[in-house]
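Okay, structure first, notes after.
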2 protein chains.
Amino acid sequence: MNNRVRELRTGLGWSQADLGERLDVSRQTVNAIETGKYDPSLPLAFKIARLFSLTIESIFTPEA
Amino acid sequence: MNNRVRELRTGLGWSQADLGERLDVSRQTVNAIETGKYDPSLPLAFKIARLFSLTIESIFTPEA
DNA sequence: TCCGGATGTCAAGCGAGCTTGACAAAACAC
DNA sequence: GTGTTTTGTCAAGCTCGCTTGACATCCGGA
C-alpha cells in the first residue's frame with residue numbers, strides 16, 4: 001500500500017508529532033505509516049482523509 | 001463504522017461464502033464485517049470497493 | 001559549539017483482524 | 001416434513017495496528 005501522507009504533511013509544514021496529535025495517534029504510528037511499515041486501520045484512514053479534505057482513494061493506493 | 005456490504009452482496013444474489021471467495025477471505029470474516037463485529041483492514045476495504053465498483057467512502061461510513 | 005526539534009527504530013505489550021474447525025438455528029427447496 | 005443452504009456464533013491461534021518508553025542520529029539556530 002503506497003500513500004501520500006508524508007507529502008501532504010510536509011506540505012503543511014507539520015512534524016510527524018504534529019500530525020499524530022491531530023489524528024490522536026502516536027508519532028511512531030505516523031512514522032510507521034509514512035515509511036510503509038504497516039497500513040493504517042480503516043477508521044484511521046478515514047481520519048487522515050478528512051484531515052486533508054481528500055478521499056481515501058486519492059491518498060492510499062494498493063500496490064497490487 | 002457502518003457499511004452497506006450486506007445490501008450490496010444480497011443485491012447480487014451472493015451468499016456470504018460467495019463474497020468471501022471473491023475477496024479471498026473466510027465467510028466468517030464477511031459475516032463479522034456485515035454484523036459490525038469489526039472493521040475490515042484498509043487493503044480489504046479496497047478489495048470490497050473494487051469488487052462492487054464503488055468508492056470506499058460510498059460503502060463505509062465512520063459512525064462518529 | 002552546543003542544544004532542541006525532528007526522524008528512525010527497537011522492545012514489550014495489548015486489542016483488532018483474520019484463520020480453520022465446529023455446531024446450532026433459520027431459511028429454502030422439493 | 002425431510003434435506004440442503006445459509007447464517008450466526010464460538011474457540012483457539014497467529015499476525016497486524018497501535019501504545020509507551022527509550023535511544024541514536026541528524027540537522028538548524030543561537
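Per chain, numbering begins at 1; letters A, B, ... match sequence-line order.
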Of the options dG17(C), dT9(D), dC18(C), whose atoms approach the side-chain atoms of Leu44(B) most closely?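 So the side chain of Leu44(B) is nearest to dC18(C).
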
side-chain contact (heavy atoms from CB on, under 4.5 Å) for Phe46(A) and Leu42(B)? Distances and angles first, verdict last. CA-CA 10 Å; Phe46(A) 266 99; Leu42(B) 184 55; over 6 Å; no

Looking at [X] and [Y], would you say the former's side chain and the latter's main chain have a donor-acceptor pair under 3.5 Å?
| X | Y | result |
| --- | --- | --- |
| Arg27(A) | Gly20(A) | no |
| Asp39(A) | Pro43(B) | no |
| Asp18(B) | Ser15(B) | yes |

With a 4.5 Å heavy-atom cut-off, do [X] and [Y] have their side chains touching?
| X | Y | value |
| --- | --- | --- |
| Thr29(B) | Leu23(B) | no |
| Ile48(B) | Ile59(B) | yes |
| Lys47(B) | Asp24(B) | yes |

Can you pull out how bent the helix from dG4(C)-dC27(D) to dC30(C)-dG1(D) is, comparing the axes over its first five and last five pairs, to 10°?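 Here the local axes at opposite ends form an angle of 50°.
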
I want to confirm an ordering. Mapping Glu34(B) and Pro43(B) to their closest nucleotides on DNA chain D, which one lands closer to the 5' end?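 Checking each residue's closest nucleotide, the 5'-ward one belongs to Glu34(B).
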
Shortest non-hydrogen contact from Pro62(A) to Arg50(B)?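 So the two residues come closest at CG-NH2, 3.9 Å.
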
Before you tell me yes or no, could you show the steps for Val5(B) and Leu19(B) under side-chain contact (heavy atoms from CB on, under 4.5 Å), namely the whole-Å CA-CA distance, both residues' side-chain angles and the distance that decides it to 0.1 Å? CA-CA 10 Å; Val5(B) 172; Leu19(B) 179 54; 3.7 Å; yes

Pick base, sugar-phosphate or nothing for [X], based on heavy-atom distances below 4.0 Å to the nucleic acid.
| X | answer |
| --- | --- |
| Thr29(A) | base |
| Ser26(B) | base |
| Ser41(A) | sugar-phosphate |

How long is the straight-line distance from [atom2] of [Y] back to [atom1] of [X], given to the nearest 0.5 Å?
| X | Y | atom1 | atom2 | answer |
| --- | --- | --- | --- | --- |
| Ile33(A) | Gln28(A) | CD1 | CD | 12.0 Å |
| Gln16(A) | Thr35(A) | CD | OG1 | 8.0 Å |
| Ile56(A) | Leu44(A) | CD1 | CG | 9.5 Å |
| Ser53(A) | Leu8(A) | OG | CG | 10.5 Å |

Could you pick out which residue, Gln28(B) or Tyr38(B), lies toward the 5' side of DNA chain C when each is mapped onto its nearest nucleotide?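 Its nearest nucleotide being more 5', the pick is Tyr38(B).
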
Applying salt bridge (charged side-chain N to carboxylate O under 4.0 Å, His left out), can you list everything that pairs with Arg6(B), at least two apart in sequence or on another chain?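 By the salt bridge (charged side-chain N to carboxylate O under 4.0 Å, His left out) rule, Arg6(B) matches Glu34(B).
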
Does any residue of residues 3-12 of chain B have a heavy atom under 4.0 Å from DNA chain D, and if so, which ones, in number order?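 Heavy-atom cutoff 4.0 Å gives Arg6(B), Arg9(B).
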
I want to check one thing: is the phosphate of dT7(D), taken as OP1 and OP2, less than 4.0 Å away from some side-chain N or O of Asn31(B)?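 For Asn31(B), the contact criterion (side-chain N or O under 4.0 Å from OP1 or OP2 of dT7(D)) is not met.
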
Tell me, for nucleotides 24-30 of chain D in 5' to 3' order, what letter each nucleotide earns: B for a base near a protein heavy atom under 4.0 Å, S for only sugar-phosphate near one, - for neither? -------

For Arg22(B) and Trp14(B), run side-chain contact (heavy atoms from CB on, under 4.5 Å): C-alpha distance rounded to whole Å, both residues' side-chain angles, the deciding distance at 0.1 Å, then the answer. CA-CA 10 Å; Arg22(B) 292 173 194 258; Trp14(B) 294 351; 3.4 Å; yes

Round to a whole Å and report the spacing from [atom1] of [X] to [atom2] of [N].
| X | N | atom1 | atom2 | result |
| --- | --- | --- | --- | --- |
| Leu42(A) | dC16(D) | CG | P | 18 Å |
| Lys37(B) | dA11(D) | NZ | C1' | 10 Å |
| Asp39(A) | dA16(C) | CG | C1' | 14 Å |

Under 3.5 Å, is there any donor-acceptor pair linking the side chain of Gln16(A) to the base of dG8(C)?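 There is none.
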
Proximity to DNA chain C (any heavy atom under 4.0 Å), residues of residues 17-25 of chain A only: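 Nothing qualifies; none.
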
Check DNA chain C against residues 52-59 of chain B and give the residues with a non-hydrogen atom under 4.0 Å, in numerical order.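 DNA chain C contact set from residues 52-59 of chain B: none.
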
